[in-house]
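Some notes on the structure that comes next.
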Amino acid sequence: MIFGGTMLSNGLVFARYSLAEWIQGLLGDRLEMIPEWILFPLLMLAGCLVIIGFITVFALFAIWMERKVSAHMQCRLGPMEVGFHGALQTIADGVKLLGKEDIVPRHADKLLHYLAPIIVFAGVFPLFVVVPFSEKILISDINLGLFFVAAVGAVEVVGVIMAGWASNNKWSLFGAMRAATQLVSYEIPLGLAFLTIILLAGSFSMVDIIHQQEGWLSNWFLFHNPFMPIIFLSFFTASLAECKRAPFDLPEAESELVSGFHTEYSGMKFSIFFLAEYAAMYVVCAIAAVMFLGGWSTGIKPLEAWLADSAGNPMREVLSNTVHLVVIVTKSMFLVFVQMWLRWTLPRIRLDQIMHVCLKVLLPWTMVAMVATSAIELCWPGGNMVLTALTIVIWSIPLLWTLKAILDMTVGIFLKFVPSGR
Amino acid sequence: MTMASMYFDYANVAVFFVFAVVFVILNISVISVILRPTVENDQKDTTYECGEPSVGSSWVRFDMRFYTVALVFLIFDVEVAFLYPWAVVFKDLRGAIGGSATGVFVFLEAAIFLLILFVGLIYVWKRGDLDWVKSSSAQEVDARQRQMIEAKDEVRL
């Protein structure tokens, strides 16, 4: 048996797989009657279905959110007709796309044109295996977690180049070449940021990385030392580029390349590209939350201790998992919002500027920050109170500045409704 | 982590990969085939270039600059790949309190490795290969080098 004969009787191993545990609870002793070679593939398939559901719901929500965020940032209303404040607009769009004709250009390379969306989606979907939602709600905690993300995340480029090349369209080709340059270059700062977290946590596994950051908020790797802001900002910038999000949306620049590498795609094939893009957005934000923002940890030590103390208290365990699920999804969604915020704030940058930012700014800075972090880790294993305090002070400056801007704006709006003195 | 659970983890990845492929194929060649209309039209199948008839194929040669980017990427990505094993054992080797001798050694090893590559980065930077459009001063350096090589060749002849 490929999954090991003792798998079912080994309670400890089994308990790690939430879905398996849930089914075990449902079926009880009868579980033993189902042979392993049927049970385990079925469990994995159930995991796939849960994740595809999550991706679809997230994409529907995020597209609507993106349109709303962009509209309000430009003093518009955005979609308002379908459902409450246009909430069902994306579903209507999805149904419309299902009914759209599939057009393949006469001069295109038909096979590659067909394969490209498959590869793009297959390069993003397996990443959800390692994206954790809470202690028990995760597909599996692969021992090579972050390395797996770096490896599988790079597959998408192949699909993008394929799409651009196969279309035999100049827009698509330019888009694909830009995508290839950008995706490939930004993998280096991304990899260096991964390295920093791995050397702090001493593990590739996502769950281990989160456990390292439990306790108070100051345990988050974001506040580990004064170099972590550099690592975080370069990771976030690189992840924007990896998702082809503005200001790095050159590959699909609507105003110059029509829509870049997917110009010649229509109907379902086009929507698969879109789905993959939004799925990748969630993945990078969830990974950023795991690496820097303590994953599902609330950052309040007594609360965490209370939630973790679930011995003989099944309801506490359910509560703990729910809280953690809400916390990690909130953190990820906040980062997704920041991505959208940046998209509607910054203008698109040129290709030479993209290379400049990557090779001359992010690369040297992340290298220095990584070496500095390892030196700090060598001198003060497990972090240093003073350095953490300093980092929190560094972080609080832009945070307070933003809060002040928001406050000024809110007060300004409020004052508009107050009648003037005369 | 036991062997059994590791098999479970990686089998999961395989199942996810296969599921993604099947999902996309199902969507683009089964579900949407049933739902969508197919109206043949000669004009529809032309390459889209904003209404202009397209001239020639777009399967052309690429700019050399993309290859430079690829080479720089290759060097630094291999560097990162080499550092992964170092990073994951760093915590075990650095010693518990205040830098053990092994810890310092391990740190210096990686620091020297990074330094060599950093020198390489500075070299490429100075040569102007990191610029998308090479600056005129860097091009002058290139021209001077070429002249020197040609001069040497002449001497040899």
Side-chain angles (χ1 to χ4, degrees), chain A residues 2-4 6-7 13 16 41 44-45 48 52 98-103 105-107 117-118 121-122 125-126 129 139-140 142-143 147 168-170 173 177 181 184-185 187-188 191-192 195 198-199 202-204 263-264 267-269 272 351-352 355 359-360 367 371 374-375 377-379 381, chain B residues 1-9 11-13 15-17 19-21 23-25 27-28 32 35-39 44-49 57-59 62 66 69-70 72-73 76-77 80 83-84 87-88 90-92 94 96-97 99 103-104 107 110-111 114 118 121 125 130 132-133:
Chain A
I2 189 166
F3 308 114
T6 56
M7 185 79 187
V13 175
R16 296 182 49 178
M44 291 168 191
L45 200 65
C48 288
I52 203 81
L98 265 177
K100 284 283 174 192
E101 202 172 337
D102 179 46
I103 299 167
R106 199 181 307 125
H107 301 293
I118 299 176
F121 193 71
F125 189 63
V129 174
I139 299 302
S140 69
I142 290 184
N143 52 3
F147 193 70
N168 199 352
N169 178 325
K170 278 125 196 161
L173 185 75
M177 286 318 289
T181 322
V184 140
S185 307
E187 237 150 64
I188 307 165
L192 284 168
L195 277 179
I198 290 164
L199 77 87
S203 169
F204 287 116
T263 303
E264 292 289 8
M268 237 17 232
K269 285 181 186 164
I272 292 293
L351 190 57
D352 63 317
M355 300 315 293
L359 294 171
K360 293 188 181 175
M367 257 175 157
V371 175
S374 60
E377 209 30 26
L378 190 67
C379 299
Chain B
M1 173 148 310
T2 61
M3 282 312 279
S5 71
M6 215 168 96
Y7 280 131
F8 186 87
D9 288 340
N12 243 319
V13 177
V15 169
F16 263 65
F17 184 78
F19 183 87
V21 172
F23 174 78
V24 178
I25 292 176
N27 263 306
I28 64 184
S32 72
L35 293 174
R36 76 188 178 211
T38 309
V39 185
K44 240 188 246 173
D45 296 343
T46 49
T47 305
Y48 176 72
E49 272 181 25
S57 166
S58 54
W59 292 335
F62 299 123
F66 288 111
V69 170
V72 173
F73 159 74
F76 286 100
D77 209 46
V80 171
L83 281 173
Y84 275 116
V88 78
F90 182 73
K91 201 180 177 186
D92 294 334
R94 66 153 197 240
I97 304 151
V104 175
F107 168 72
L114 274 167
F118 206 76
L121 179 68
W125 194 327
L130 297 187
W132 194 247
V133 181

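The shown structure was predicted, so the numbers you read here are calculated from the model rather than taken from an experiment. Letters A, B, ... are given to chains in the order of the sequence lines, protein chains preceding strands, and every chain is numbered from 1.
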Assert top hit (heavy-atom pairs under 4.5 Å, partner chain B, pool Asp102(A), Asp352(A), Leu192(A), Ile103(A)) equals Asp102(A)
Structural part of Ile28(B) lying under 4.5 Å from a heavy atom of chain A: both
Heavy atoms only: give me the nearest Ser32(B)-Met268(A) pair and the separation to one decimal. CB-CG, 3.7 Å
Could you check which of Val184(A), Leu359(A), Val371(A), Ile272(A) has the highest count of heavy-atom pairs closer than 4.5 Å to chain B? Val184(A)
So which of Ala122(A), Ser374(A), Gly267(A) has the largest heavy-atom pair count under 4.5 angstrom toward chain B? Ser374(A)
Answer with side chain, backbone, both or neither: which region of Leu173(A) has an atom nearer than 4.5 Å to a non-hydrogen atom of chain B? side chain
Relative to chain B, which segment of Glu101(A) carries a heavy atom at a distance below 4.5 Å: side chain, backbone, both, or neither? both
Given a strict heavy-atom distance threshold of 4.5 Å, which part of Met355(A) is in contact with chain B: side chain, backbone, both, or neither? side chain
Taking side chain to side chain donor-acceptor pair (under 3.5 Å) as the definition, give me every residue that meets it alongside Glu187(A), ordered by chain and number, with sequence neighbours left out. none
Write down the atom of Val15(B), the atom of Met44(A), and the distance for their closest heavy-atom approach. CG2-SD, 3.5 Å
How far apart are the closest heavy atoms of Val88(B) and Ser203(A), and which atoms are they? CG2-CA, 4.0 Å
Listed by chain and number, what are the side chain to side chain donor-acceptor pair (under 3.5 Å) partners of Asp77(B), not counting sequence neighbours? none
Got a second to check how far Phe90(B)'s CZ is from Leu378(A)'s CG, nearest 0.5 Å? 5.0 Å
Tyr84(B) and Phe147(A) aromatic ring geometry - parallel, tilted or perpendicular at 30°/60° bounds: perpendicular
Shorter than 4.5 Å, heavy atoms on both sides: which option in Asn168(A), Leu199(A), Ile198(A) has the most such pairs with chain B? Asn168(A)
Look up atom NZ in Lys100(A) and atom CG in Leu35(B), then write down how far apart they are to the nearest 0.5 Å. 13.5 Å
Can you tell me how far apart SG (Cys48(A)) and CZ (Phe16(B)) are? Round to the nearest 0.5 Å. 4.5 Å
